[in-house]
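All values below come from the heavy atoms of this structure, side chains included, with hydrogens, waters and symmetry mates left out.
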Amino acid sequence: MSEKASVGSVTWTDLTVENAERIRDFYSAVVGWTASGVDMGGYDDFNMNDPETGTPVAGVCHARGGNADLPPVWLIYVNVEDIEKSFAKCVELGGQVISGPKRMGGQGRYCVIRDPAGAALALFEPAK
């Protein structure tokens, strides 16, 4: 997750599914990503990495714990200046909140919204 990206920029993409190992292996075979585990306290989610540089480019996560209520879609995270303000504006304009706001470790806070057309998106406020 890029904490220095500007407001409005896409900073991360991940997929939350029931069987993350199976989907990790699927994308490794289909697009060539390598995977590295991310300890979630009893199980691993996965960074999917550029095969040449090893740089994380996306995530594949289990639908467990704090991720249990996330839809199984490729979810983009977009930087916002103030998550509370963006959250309130979403609801005011006919969107709904699927999950959060929640802390993402020391990186910041996020919430997952659904726009009036039904599309899901994560809002991310980097830690100050």
Euclidean distance, M104 CE relative to E125 CD, rounded to 0.5 Å
12.0 Å

Under 3.5 Å, side-chain donor or acceptor atoms of residues 27-40 against the rest of the protein: list the pairs with distances, not counting sequence neighbours.
{"unit_1": "Y27", "atom_1": "OH", "unit_2": "W74", "atom_2": "NE1", "d": "3.1"}
{"unit_1": "S28", "atom_1": "OG", "unit_2": "R24", "atom_2": "O", "d": "3.0"}
{"unit_1": "S28", "atom_1": "OG", "unit_2": "W33", "atom_2": "O", "d": "3.0"}
{"unit_1": "S36", "atom_1": "OG", "unit_2": "N49", "atom_2": "ND2", "d": "3.1"}
{"unit_1": "D39", "atom_1": "OD1", "unit_2": "G41", "atom_2": "N", "d": "2.8"}

Using the salt bridge (charged side-chain N to carboxylate O under 4.0 Å, His left out) criterion, which residues pair with E92? Sequence neighbours excluded.
K89

Determine, using the 4.5 Å side-chain heavy-atom cutoff (strictly less than), whether V60 and F26 are members of one ILVMFWY cluster.
yes

Can you name the residues that form a salt bridge (charged side-chain N to carboxylate O under 4.0 Å, His left out) with K85, not counting sequence neighbours?
none

Is I76 linked to V73 within one hydrophobic cluster, defined over Ile, Leu, Val, Met, Phe, Trp and Tyr using a side-chain heavy-atom separation of less than 4.5 Å?
no

If you measure from SG on C61 to CG on N47, what distance do you get to the nearest 0.5 Å?
8.5 Å

With a 4.5 Å heavy-atom cut-off, do N67 and D45 have their side chains touching?
yes

Does the side chain of L123 reach to within under 4.5 Å of the side chain of I113, using non-hydrogen atoms?
yes

On a heavy-atom basis, the closest approach of P72 and V17 is CB-CG1, 4.4 Å

List the residues meeting salt bridge (charged side-chain N to carboxylate O under 4.0 Å, His left out) with D69, not counting sequence neighbours, and say none if there are none.
K102

Report yes if some heavy atom in the side chain of Y110 is under 4.5 Å from a heavy atom in the side chain of Y77; otherwise report no.
yes

Taking side chain as C-beta onward, heavy atoms only, is T16 less than 4.5 Å from L75?
no

Tightest non-hydrogen contact, residues I83 and C111, listed as CD1-N, 3.5 Å

Smallest separation among heavy atoms of W12 and P56, with atom names:
CH2-CB, 3.9 Å

For Y43, which residues count as a ring-ring contact (aromatic ring centres under 6.0 Å, His included) partner, sequence neighbours excluded?
H62

Nearest heavy-atom pair of A127 and G106: which atoms, and what distance?
CB-O, 3.4 Å

Linked, directly or transitively: F46 and V57 (ILVMFWY side chains, under 4.5 Å)
yes

Among all residues two or more places apart in sequence or in another chain, which pass the salt bridge (charged side-chain N to carboxylate O under 4.0 Å, His left out) test with E84?
R109

Could you walk me through whether D115 and L121 pass the side-chain contact (heavy atoms from CB on, under 4.5 Å) check?
CA-CA 8 Å; D115 70 24; L121 174 87; over 6 Å; no

Distance from S86 atom OG to F124 atom CZ, nearest 0.5 Å?
13.0 Å

In short, P116 meets G95 closest at the heavy-atom pair CG-N, 4.1 Å

Would you name the heavy atoms of F87 and P101 that are closest together and state the gap between them?
CE1-CD, 3.7 Å

